[in-house]
Amino acid sequence: MNRHIVLHERSQRLNAPRRDAHAVVIGGSIAGLLAARVLADYFGTVTIFEKDPLVDGAEPRPGVPQGRHVHSIWKRGLSLMEESFPGLTAELIEGGSAEVEMTKDFAWYHRGVWKLRVPSGIVITCQTRPFLEWHIRRRVCQISNIGLVDRCYVKRFVTDTTAGRITGVVVQSRGVGATEETVAADLVVDASGRGSRTPRWLEELGYGRPEMSVIDVDVGYATRFYARPPIEDCPWKALIIAPTPPDGTRLGVIFPVEGQRWIVMLGGWNGDHPPRDEDGILEFARNLEAPDIYTFMRDAEPLTPIVGYKFRANVRRHYERMRRFPGGLIVLGDSLCSFNPIYGQGMTTSALDAMTLRECLERGVRKGETIDAMAHHFLKRVPRRLEAPWRMAAGEDMNWPGTQGDAPFGTPFMNWYFGRVHALAARDPQVLVRFVRVANMIDSPVRVFHPRVLAPVLTRSARGRR
Ligand SMILES: Cc1cc2nc3c(=O)[nH]c(=O)nc-3n(C[C@H](O)[C@H](O)[C@H](O)COP(=O)(O)OP(=O)(O)OC[C@H]3O[C@@H](n4cnc5c(N)ncnc54)[C@H](O)[C@@H]3O)c2cc1C
């Protein structure tokens, strides 16, 4: 692994990419790696600090425990990653990822009915999360001005004398006898995930904590791997059996991943968590709304034990609402907003955050802004991008009566409308493709209010049909 720390004098104006400027990224996971790729075009040196030991391979690691579970990457996220690392998709496929057409190859049971299996042209790759992260990490490590320092824990921020701006971080390596070091930075990017300490560190600096939106869903996962035949021989390439709320709370997913394996995940909302013993998990699968995953699991030979994961709540931190926020700091990825993982939005949203960072940096260079002005612009801009995925996740979760929290504005109407769109998508290919484009974050949710969808929804409702 490439390791170096370069310390620079503080330099603030962004009137051109600054070869003497230094950006620090906290966390070497998906959001941190994607942000570092962007920063490398504008800062002389970018240093990523990652607390975990990193290996040159697709290994799960303790800092990313969710990495053992299904991670679907939506088309928009994959496209943004491909833009950042041209050839990435081909490398994934070469390494064993399966290509899956989102509507033709997916067998999807949703709201009591199978969706149509028609072509949409939306093709994603399916692989494990460690495999995707490893491919991105390899590409990041090839960029000469990015240093990735693993086994190194960021302990707190460093500020200027007025505490008006973050000027670096204090780090400590995990080796025996390692001492704290101060690393100066012109910009610090927090990509340390859901457990981010930025709220606490800001409070200690006198800024207070950000307000939070919390939607408590109490979701549980259980995951296991199975051997699979060549994907061409399978009747479907991916299978989803989703529940019908409010009574149905159980979901099952089978995705193809590298190494000729299936990853099988069972999940449940509102405390209905899958057990991790053999009989219990089969019984859970038997209670899904269609029998296909149960029969698969009953007859297939597992490769691994069952692993579990509990996810309590969608959490969004509203830094943009804080009365004061220091200069020199950006928060993105799960540190900023973490969604119910069942909707598979986290990595794509991290890619959108990185894209927003690039837009803000480009604008900053064009306008000759300071780094702080650029970061302030990011602070105000990124929440707008979070609005659609937040509404989709938090709003959808409100369909289950045990979900607690403040529903986004308009949720009852949206859930009524989307319920009808789902019913239509089971028989109208155009509606299905429109919906799948929105779910893949290619199009804005506004697109499902197109007259081609709105008209049949209203007509059928007027006739009392779904
Ligand atoms: C069960 C589950 C399933 C999911 N499924 C999907 C899915 O299907 N599709 C999808 O798009 N998303 C999914 N997600 C979300 C996805 O995992 C995240 O959105 C994605 O990993 C981006 O997160 P991140 O990089 O911001 O943070 P993380 O992935 O959590 O990474 C944070 C990194 O920061 C490091 N770190 C933390 N603190 C420090 C510190 N002080 N110093 C140094 N390093 C530090 C950690 O070790 C870690 O490497 C799922 C999440 C869960 C929980």
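As the structure lists them, so they are numbered: ligands from 1, and atoms in each ligand from 1. In this chain, numbering begins with 1 at the start of the sequence shown. Worth saying up front: this structure is predicted, and the values here are computed from it rather than measured. These values consider heavy atoms only, across backbone and side chains, with no hydrogens, waters or symmetry-generated copies.
The shortest contact between atom 48 (C) of ligand 1 and any protein heavy atom is with Glu50 OE1, 3.5 Å. With respect to atom 17 (O) of ligand 1, the closest heavy atom belonging to the protein is His71 NE2, 2.7 Å. Here the heavy atom of the protein found nearest to atom 29 (O) of ligand 1 is Ser29 OG, 2.7 Å. Closest to atom 3 (C) of ligand 1, if we only count protein heavy atoms, is Pro341 CB, 3.3 Å.
Taking the side chain as every heavy atom from C-beta outward, Leu116 and Thr103 never approach each other to under 4.5 Å. Arg68 has its side chain out of reach of Thr223: every pair of non-hydrogen atoms, C-beta onward, lies at least 4.5 Å apart.
Contacts between Ile26 and ligand 1 below 4.0 angstrom, taking non-hydrogen atoms only, involve the side chain exclusively. At a heavy-atom cutoff of 4.0 Å, ligand 1 is contacted by both the backbone and the side chain of Ser72. Here Pro62 has no heavy atoms under 4.0 Å from ligand 1, in either its backbone or its side chain.
Applying the salt bridge (charged side-chain N to carboxylate O under 4.0 Å, His left out) rule to Arg194 yields no partners; only residues at least two apart in sequence or on another chain are considered.
Selection from Gln66, Arg61, Arg129 by nearest heavy atom to atom 21 (O) of ligand 1 gives Arg129. When Ser196, Ala31, Gly27 are ranked by how near their heavy atoms come to atom 25 (O) of ligand 1, first place goes to Ala31.
The N/O atoms of Asp334, backbone and side chain alike, include one that comes under 3.5 Å of an N/O atom in ligand 1.
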Check step by step if side-chain hydrogen bond (donor to acceptor under 3.5 Å, both in side chains) holds for Tyr109 and Asp292.
CA-CA 10 Å; Tyr109 191 84; Asp292 309 60; over 6 Å; no
Enumerate, atom names and distances included, each donor-acceptor pair closer than 3.5 Å involving a side-chain atom of residues 208-215, sequence neighbours excluded.
residue: Arg209; atom: NE; partner: Glu203; partner atom: OE1; Å: 2.9
residue: Glu211; atom: OE1; partner: Arg321; partner atom: NH1; Å: 2.6
residue: Ser213; atom: OG; partner: His318; partner atom: NE2; Å: 2.6

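With no hydrogens or angles considered, no side-chain donor-acceptor pair links Ser84 and Arg37 at under 3.5 Å.
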